Amino acid sequence: MRKVLSKQFFEYPAPHVATKLLGMYIVRKMNGTEIAFRITETEAYEGLDDLASHASKGRTLRTEVMFGEAGVFYIYLIYGLHFMLNVVTGKKGFPSAVLIRSTDAVEGPGRLTRKLSITKNLNGCKVTPNTSLWFEDRGDVVAKQNIIQTPRIGVEYSGEIWAKKPWRFVLRK
DNA sequence: ACGATGATGAAC
DNA sequence: TTCATCATCGTA
């Protein structure tokens, strides 16, 4: 079974989409060949109030895509070195996104984008095979008890409430 | 443990 | 226009 995830899949709150993406596959087509990795770790960033989210700064050139339609990539450079891959979720006008942190084959958000040659030029592009980067449901079943929830990584600065939100989701090995 | 390395947003 | 701050990684 190979079903390409369409826009509707992402039209839900980020924490929901983040859990549903576990066990799905990220597929990348590069110079003719496809590679697919099973997603094992995600994080949700949800709303203007979420001080860990870039969107808490409001609508800016950088955060604009987070306020747009679901099913669009939000990609940015962090620490001057690593590109982070996110997918916009939820309703238009409400800023939310899911960060893809790890897969079976490649762990770490920066390593993943390097491995898949993902850079800022995909920022704002739709999640579809036309973009050469998309997601597939390959029929893997994920039991709820195999999903571990923890606070998000690297957001200590965001204060008591937001730093502790259990919006990181990890698939047990 | 720490330095690399550049875009972003906020202050001056 | 300058400055501190980063949703990290590799080497030590």
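Predicted model only: the values in this text are computed from it and were never measured. So you know, we letter chains A, B, ... as the sequences are listed, proteins then strands, and number each from 1.
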Lys/Arg cation over aromatic A:Y76: A:R62, 6.0 Å, 45° cone: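 The answer is yes; both the distance and angle limits are met.
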Ring of A:Y45, cation from A:R152 - is the NZ or CZ under 6.0 Å from the centre and inside 45° of the axis?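 Ring-cation test returns yes.
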Return no unless some side-chain N or O of A:R114 is found under 4.0 Å from OP1 or OP2 of C:dG10.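 It does, given that an N or O in the side chain of A:R114 lies less than 4.0 Å from OP1 or OP2 of C:dG10.
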So, is A:R111 close to the C:dG10 phosphate, meaning a side-chain N or O under 4.0 Å from OP1 or OP2?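 Affirmative; the distance criterion is met.
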Would you mind reading off the distance between [X] atom [atom1] and [N] atom [atom2], rounded to a whole angstrom?
X: A:E43; N: C:dC6; atom1: CD; atom2: P; result: 15 Å
X: A:I153; N: C:dA7; atom1: CD1; atom2: P; result: 12 Å
X: A:F73; N: C:dA7; atom1: CZ; atom2: P; result: 21 Å

So, do [X] and [Y] sit near enough that their side-chain heavy atoms are less than 4.5 Å apart?
X: A:W162; Y: A:D49; result: yes
X: A:T42; Y: A:I39; result: yes
X: A:V65; Y: A:F73; result: no

Could you identify the nucleotide paired to B:dT5, looking across every strand shown and requiring Watson-Crick or G-U wobble geometry with both distances under 3.5 Å?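 For B:dT5, the partner nucleotide comes out as none, under the 3.5 Å rule.
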Which nucleotide, if any, forms a Watson-Crick or G-U wobble pair with C:dA7, using both distances under 3.5 Å?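 For C:dA7, the partner nucleotide comes out as none, under the 3.5 Å rule.
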Between [M] and [N], how far apart are the [atom1] atoms? Round to whole Å, please.
N: C:dC3; M: B:dT5; atom1: C1'; result: 16 Å
N: B:dG3; M: C:dT5; atom1: P; result: 16 Å
N: B:dC2; M: C:dC6; atom1: C1'; result: 16 Å

Positive for side-chain contact (heavy atoms from CB on, under 4.5 Å) with A:P15, one of A:K165, A:E46, A:Q149: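 For A:P15, the side-chain contact (heavy atoms from CB on, under 4.5 Å) check succeeds only for A:E46.
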Output one letter per nucleotide in nucleotides 4-12 of chain B: B when a protein non-hydrogen atom lies under 4.0 Å from the base, S when only the sugar-phosphate is that close, - when neither is. BBBSSSS--
